[in-house]
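Just so it is clear, the model here is predicted, and its values are computed rather than measured. Counting starts at 1 for both ligands and their atoms, following the listed order.
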Amino acid sequence: MEVIQDKTALREQLLEWRRHDEHVAIVPTMGNLHAGHVSLVELAREHAERVVVTVFVNPTQFAEGEDFEDYPRTLERDKRRLQRVNTDMIFVPTVETLYPFGLQNATSVTVPGLTENFCGSFRPGHFDGVTTVVARLFALVQPDVAVFGQKDYQQQLVIRRMVEDLGLPINIITAPTVREEDGLAMSSRNAYLSDEERAMAPKIHEVLESAGEALQSGKRNFEELENAASGQLSDTGFEVEYVAIRRALDLSVPNRDCDELVLLVAVRLGKARLIDNIVVTI
Ligand code: AMP
């Protein structure tokens with residue numbers, strides 16, 4: 001497994017693979033890898049001969065006052081973890097490699113519309129940072145396939161839109177959310193939870209599941225379901241940012257006949273901001 005920091009070494013390795021007609025899959029991450037990330041790598045492996053995992057805590061996707069400084073950086077452990085799942089390369093660029101003209105002068109990529117609600121409205125500039133860095137990683141690695149997690153539902157839709165809009169020849173694959181045994185979606189940010197908060201956190205998935213069951217059993221008053229779920233979360237002690245039932249395809253407001261819905265939740269709990277979702281196919 002190669003650990004590569006600079007563009008030249010990256011290009012040489014990519015050329016070598018291309019000479020052998022090997023396909024390349026990319027798994028972009030911010031490191032502090034857990035079983036959710038590993039599942040993305042395993043899925044990537046099913047779609048390409050070569051798998052590149054990128055580890056980069058991207059400053060442009062953190063809003064002012066967010067956890068950029070505190071975000072856990074565990075590269076040595078991440079390397080050991082990736083070695084065990086047969087990764088071909090870890091690309092660990094520096095800020096200078098990814099943003100050669102500096103953060104303030106960087107060409108940025110914006111996907112309008114889809115980024116304006118939900119996480120976009122609670123984290124100003126977040127999705128611009130995500131699309132800007134992912135576009136750069138795509139340009140450097142030129143992957144055939146890219147794997148993202150359903151855990152960040154809005155993010156994978158935004159990336160899909162960017163790729164389609166720019167006509168990039170990259171197959172975007174969305175991997176299912178990996179959960180702890182008690183249902184909590186795995187996340188690097190779970191590390192911010194105190195023991196007491198960690199014990200509360202599975203409630204998010206529980207509330208999503210029970211709203212999902214109500215939808216499956218024919219309930220169609222979406223607003224009522226959203227309010228009930230939001231109420232249950234606030235009563236448990238979460239500060240709710242949003243609970244929303246939307247069309248899975250594009251996050252638009254669904255009508256009664258919509259047969260693929262996504263239930264999205266974002267809450268704050270102590271120092272952590274937690275998001276989760278489930279897709280309900282009727
Ligand atoms: P992050 O390092 O948190 O930016 O995440 C990198 C990638 O891993 C993103 O595509 C996430 O959606 C995905 N991911 C994060 N948590 C999970 C999870 N619990 N299950 C599956 N994928 C995940």
#### Entry: Test item: side-chain donor near acceptor, Asp78 and Thr74, under 3.5 Å
yes
Determine, for [X] against [Y], whether the closest basic-nitrogen to carboxylate-oxygen distance falls under 4.0 angstrom.
| X | Y | answer |
| --- | --- | --- |
| Arg273 | Glu241 | yes |
| Asp276 | Arg179 | yes |
| Arg198 | Asp182 | yes |
| Glu16 | Arg11 | no |
| Asp144 | Arg18 | yes |

### Message
Tell me if the CD atom of Glu196 is crowded by more than 12 foreign heavy atoms within 6.0 Å.
### Response
no
For [atom], find the nearest protein heavy atom and state the residue, atom name and distance (0.1 Å precision).
| atom | value |
| --- | --- |
| atom 10 (O) of ligand 1 | Gly149 N, 2.9 Å |
| atom 12 (O) of ligand 1 | Asp152 OD2, 2.6 Å |
| atom 6 (C) of ligand 1 | Pro28 O, 3.4 Å |
| atom 20 (N) of ligand 1 | Val178 N, 2.9 Å |
| atom 13 (C) of ligand 1 | Leu40 CD2, 3.6 Å |

Side chain, backbone, both or neither: which applies to [X] and ligand 1 if a contact is any heavy-atom pair less than 4.0 Å apart?
| X | answer |
| --- | --- |
| Val27 | neither |
| Lys151 | side chain |
| Pro176 | backbone |
| His34 | side chain |

### Query
Taking the six-membered ring of Phe68, is NZ or CZ of Arg73 closer than 6.0 Å to its centre and within 45° of its axis?
yes
### Task
Enumerate the atoms of ligand 1 whose separation from the nearest heavy atom of Phe148 is less than 4.0 angstrom.
10 (O)
#### Entry: Numbered atoms and elements of ligand 1 in range of Met186, under 4.0 angstrom, heavy atoms
16 (N), 17 (C), 18 (C), 19 (N)
### Heavy-atom proximity to atom 5 (O) of ligand 1, best of Gln156, Met30, Gln150, His37
His37
